[in-house]
Amino acid sequence: MSEISLSFPDGSKRSFKKGLTGRELAASISKSLAKKAVALSLDGRLADLADPIEADASVRIITRTDPEALELIRHDCAHVMAEAVQGLWPGTQVTIGPVIENGFFYDFAKDEPFHPDDLARIEARMHEIIKRDAPFTKEVWSRDEAKSFFRKKGELFKVELVDAIPEGEDVKIYKQGEWLDLCRGPHMTSTGQIGRAFKLTRFAGSYWRGDAQGARLQRIYGTAWASEGELATYLKQIEEAEKRDHRKLGREMDLFHFQEEGPGVVFWHPKGWELFQSLINYMRRRQNAVGYREVNGPQMLDKSLWETSGHWEWFRENMFAAQSAGDEAEDKRVFAIKPMNCPGHVQIFKHGLRSYRELPYRIAEFGAVHRYEPSGALHGLMRVRGFTQDDAHVFCTEEQLADECFKMNDLILSIYHDFGFDQIVVKLSTRPDKRVGSDAAWDRAEETMSQVLNQIAERSGGKIKTGINPGEGAFYGPKFEYVLRDAIGRDWQCGTIQVDFNLPERFGAFYIDADGEKKTPVMIHRAIFGSMERFTGILLESTAGHLPLWLAPQQVMVCTIVSDADAYADSVLAVVHRAGLRATVDLRNEKINYKVREHSLAKVPVLLVVGKREADEGTVSVRRLGSQQQQVMPLAEAIAALAQEAEPPDLRRRRELAATAA
RNA sequence: GCUGCCGUAGCUCAGUGGUAGAGCACUCCCUUGGUAAGGGAGAGGUCCUGAGUUCAAUCCUCAGCGGCAGCACCA
């Protein structure tokens, strides 16, 4: 008879007999706690209340309102959903049903597809099961027992799952009333603890073990919370995120459109293109300032070039090819429309003899590339088949590599900061299974990059988080991926730095070193926005269309209240234009309410409203987007303030720097 | 690409086996109105495309194209 010592959250310690269960522990503290307890935290890991505690540990009784309980609620909810589905459609096989962010899903194998109305039926059945409040009980079975049980039931996916459980781990079965499931656990004590705050949100196809060649399954997603209030808040958030959908904003702000004849390619309207160009102009200034020179490579090139680069071999299925359309054309060659800019840039580097004195050789291109993306992947501006990369390639020596990476890193972080993105994660993606080049070259590249990665984290003083994505590198080299978090907490991978020991060699690129010998340079691929289209979409969603003044395609709208002010409005517009602001005037025969509403919906950041009074006094009434108020100011004063605000951040820094130098 | 859902006016969406409707937007008229929709009239559609079933298809069936959600993919 041995004792164990358990420490509690308040720091106290008490001895108990070994093998005491969580439930007994809770009861020993207080009756009410025993009633509220749903699980036990053992050294930070969740466990069933029925589990015996076998060793010293720090313990905490988890109640339904603890944050940890949320995971249990969701997991239990997934089980209840599985029971509901099997109850409604006997013969349906259950596979896996994990907890995910905000909820859970369960994958089913069922011949007949679910119908949208089924969600409500399943939900109703789930409420019944929860109301029944059957306890969750755990049993440990032998492998053979479990396999023959599931095989007899026709649950072949479960049989496979039993086989996948590592040796030495128990095969655990959780029962809730009559229904049971193979499960790692833990669970709460009964279905009633799930509560009512859940909702099935959607269903979708999926694959067994995520393998597109494998069996097709049907997935049902749900969300679950500790209280109905939290559920309502979550559903509200989803609604808010939908309002920010860049496809919707693009329409409302008249920025771009898509149409059937061009799946995955963008029609940019005047205002959208203005925004797009503002971004390009900004990027161009930033990179020119640190030694990049802009180039432009051809839109399509003979496929042999893509064979040399390896793209034809690895990505042929995702490339567009073009040929003369004329039957009589003498040139029958197949050209590939470029999916990347690097082979073009290597040709530019290769043209003429390069000296080591020219390195690092930095060239940049706003390169329009086309990729045949799977139709199901297309999504507004976020995933398209034709897009513009803010691409650059740096040819340098191996010794210069780390320093170039740091310079790129500084540039990237500084640029993200200008857009208000300060929560950045840098991830190192290492060699994939399918790759070119020797292991020795990959070793060197990965070694250098992991050192750089550590230093990036160090230099930022812990502000920049880092991580590793094993096996996610490009086929020609490892890469850094810059993931930024937007205003509503979503993460987007934008920038990338890729170290490449392979392409220069495949293309036979070289420079003459100080010793007069030919040497192969290292190549770094980098992008900061990544895709201009996608970054535009991210900006729109992050700002909900309320772009900062320097980026807004239409910065100012001059609105008249009465037609007597038309002439004054025109003169205001002229002054606004002279200050370099993008503006138009609205002289329409409409009430001011109407104009304010319309331009607010179109997300115009500044409305300058003028009536008789303003015309007489030489003032404007300034109304900012998102504000109910307005401010009457002398025209010159208003324009000066707006012009200053509309200055791009890099130009402002440059001006301020020049002022201090002078 | 896979699974499911969807495709009707510029936008958002009703609707019917007998070739169509609303609101907003658009044009014109009245209105000169002080910060998120003033009133009236008008114009606008090959109901995604093709084939089939039917006396008759926007509607039913099949195929294609496109879109949405999720999965898979993302040099």
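Every heavy atom of this structure was used, including side-chain atoms; hydrogens, water molecules and symmetry mates were not. Residue numbers begin at 1 in each chain, while the letters A, B, ... track the order of the sequences.
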So if I take residues 245-258 of chain A and measure heavy-atom distances to RNA chain B, which residues fall below 4.0 Å? A:R247, A:R251
Ring centroids of A:Y594 and B:A37 base under 5.5 Å with planes under 30°: no
Look through every strand shown and name the nucleotide pairing with B:C73 as Watson-Crick or G-U wobble, where both distances are under 3.5 Å. none
So what does A:Q498 hit on the nucleic acid, given a heavy-atom distance under 4.0 Å: a base, only sugar-phosphate, or nothing? sugar-phosphate
Between B:A51 and B:C74, how many Å separate the two C1' atoms, rounded to a whole number? 37 Å
Spacing between A:Q259 atom CD and B:U49 atom P, to the nearest angstrom: 15 Å
Ring-face cation contact, A:F320 with A:R371, 6.0 Å cut, 45° max: no
Do the side-chain N or O atoms of A:S621 get closer than 4.0 angstrom to the phosphate oxygens (OP1, OP2) of B:U35? no
For B:C68, give the paired nucleotide (Watson-Crick: N1-N3 plus N6-O4 or O6-N4; G-U: N1-O2 and O6-N3; both under 3.5 Å), or none. B:G4
Can you tell me how far C1' in B:C47 sits from the matching atom in B:G7, rounded to whole Å? 10 Å
Over how many whole Å does the gap from A:D586 atom CG to B:G34 atom P extend? 16 Å
Among B:A36, B:G1, B:C48, which nucleotide has an atom closest to any side-chain atom of A:E260? B:C48
Sugar-phosphate only, base, or nothing, as touched by A:K595 at under 4.0 Å among non-hydrogen atoms: nothing
I'd like the C1' distance from B:G45 over to B:A14, given in whole Å. 15 Å
Rounding to an integer number of angstrom, what distance separates B:A57 and B:U49 when you compare their C1' atoms? 15 Å
Between the base of B:G4 and the side chain of A:E112, is one N or O donor paired with an acceptor at under 3.5 angstrom? no
Tell me what A:H525 touches on the nucleic acid: a base, only sugar-phosphate, or nothing, going by heavy atoms under 4.0 Å. nothing
Quick one: the side chain of A:R383 and the base of B:C73, do they pair up donor-acceptor inside 3.5 Å? yes
Mind telling me whether A:W306 and A:H311 have parallel, tilted or perpendicular rings, with 30° and 60° as the class edges? perpendicular
Distance check needed: B:G34 P versus A:E617 CD, whole Å only. 16 Å
Can you check the distance between B:A9 and B:U58, where both ends of the measurement are the P atom (answer in whole Å)? 15 Å
Report which part of the nucleic acid A:P113 touches: base, sugar-phosphate, or nothing (heavy-atom distance under 4.0 Å, all strands). sugar-phosphate
Roughly how many Å apart are B:C59 and B:U53, using the P atom of each and rounding to a whole number? 15 Å
Is A:E614 touching bases, backbone alone, or none of the nucleic acid, heavy atoms closer than 4.0 Å? base
Between A:K595 and A:T560, does any side-chain donor sit less than 3.5 Å from a side-chain acceptor? yes
For B:C60, which nucleotide in any strand shown is its Watson-Crick or wobble partner with both distances under 3.5 Å? B:G52
Check whether the side chains of A:S621 and A:Q631 place a donor and an acceptor atom closer than 3.5 Å, and report yes or no. no
Need to verify one output field. Residue with the more 5' nearest nucleotide on RNA chain B, A:D564 or A:S600? A:D564
May I ask you to establish whether A:K110 and A:F114 are in a cation-pi arrangement, using a distance under 6.0 Å from NZ or CZ to the six-membered ring centre and at most 45° from the ring axis? yes
Report yes or no: do A:S206 and A:D107 form a side-chain donor-acceptor pair below 3.5 Å? yes
Return the residues of residues 426-435 of chain A meeting this criterion: a heavy atom under 4.0 Å from some atom of RNA chain B. Order them by number, or give none. none
Rounded to the nearest Å, what distance is computed from the CZ atom of residue A:R597 to the C1' atom of nucleotide B:A25? 11 Å
Could you tell me how far B:G4 sits from B:G40 if I compare only their P atoms? Round to whole Å. 48 Å
A:R526 to A:F480, cation-pi by 6.0 Å centre distance and 45° axis angle: no
Contact class for A:L607 vs. all strands (heavy atom < 4.0 Å): base, sugar-phosphate, or nothing? nothing
Take the protein atom CG of A:D107 and the nucleotide atom P of B:C2, then report the distance between them rounded to whole Å. 19 Å
Do A:D616 and A:Y568 have side-chain atoms, one donor and one acceptor, less than 3.5 Å apart? no
Pick from A:K243, A:R490, A:R247: which one makes a salt bridge (Lys or Arg N to Asp or Glu O under 4.0 Å) with A:E541? A:R490
Within 45° of the six-membered ring axis of A:Y372 and under 6.0 Å from that ring's centre, is NZ or CZ of A:R385 located there? yes
Could you tell me if A:R435 sits above the aromatic ring of A:F475, with its cationic atom closer than 6.0 Å to the ring centre and no more than 45 degrees from the axis? no
Quickly, which of A:H269, A:Q554, A:K271 forms a side-chain hydrogen bond (donor to acceptor under 3.5 Å, both in side chains) with A:D254? Name it, please. A:H269
Both distances below 3.5 Å, Watson-Crick or wobble geometry, any strand: find the nucleotide opposite B:G21. B:C13
How many whole angstroms separate atom CZ of A:F108 from atom P of B:G4? 17 Å
For B:U35, does OP1 or OP2 lie under 4.0 Å from any side-chain N or O of A:N593? no
When the C1' atoms of B:G10 and B:U27 are compared, how many Å lie between them, rounded to an integer? 14 Å
Length of the CG-C1' vector between A:L378 and B:C68, whole Å: 12 Å
Say whether, by atom type as modelled, one donor and one acceptor occur between the side chain of A:E614 and the main chain of A:G611 under 3.5 angstrom. yes
Is there a ring-ring contact (aromatic ring centres under 6.0 Å, His included) between A:Y476 and A:H525 once you walk through the steps? CA-CA 10 Å; A:Y476 46 71; A:H525 311 243; 4.5 Å; yes
Listed in order of residue number, which residues of residues 200-225 of chain A have a non-hydrogen atom at under 4.0 Å from RNA chain B? A:R202, A:F203, A:A204, A:G205, A:S206, A:Y207, A:G210, A:A212, A:R216, A:R219, A:Y221
Please determine, for B:G33, whether a Watson-Crick or G-U wobble partner exists with both distances under 3.5 Å, and give it or none. none
Which class fits the ring pair A:H79 and A:Y106: parallel under 30°, tilted 30 to 60°, perpendicular over 60°? perpendicular
First of A:F475 and A:P116 reached from the 5' end of RNA chain B, by closest nucleotide: A:P116
Nucleotide opposite B:C26 in a Watson-Crick or G-U pair, distances under 3.5 Å: B:G42
So what does A:P374 hit on the nucleic acid, given a heavy-atom distance under 4.0 Å: a base, only sugar-phosphate, or nothing? base
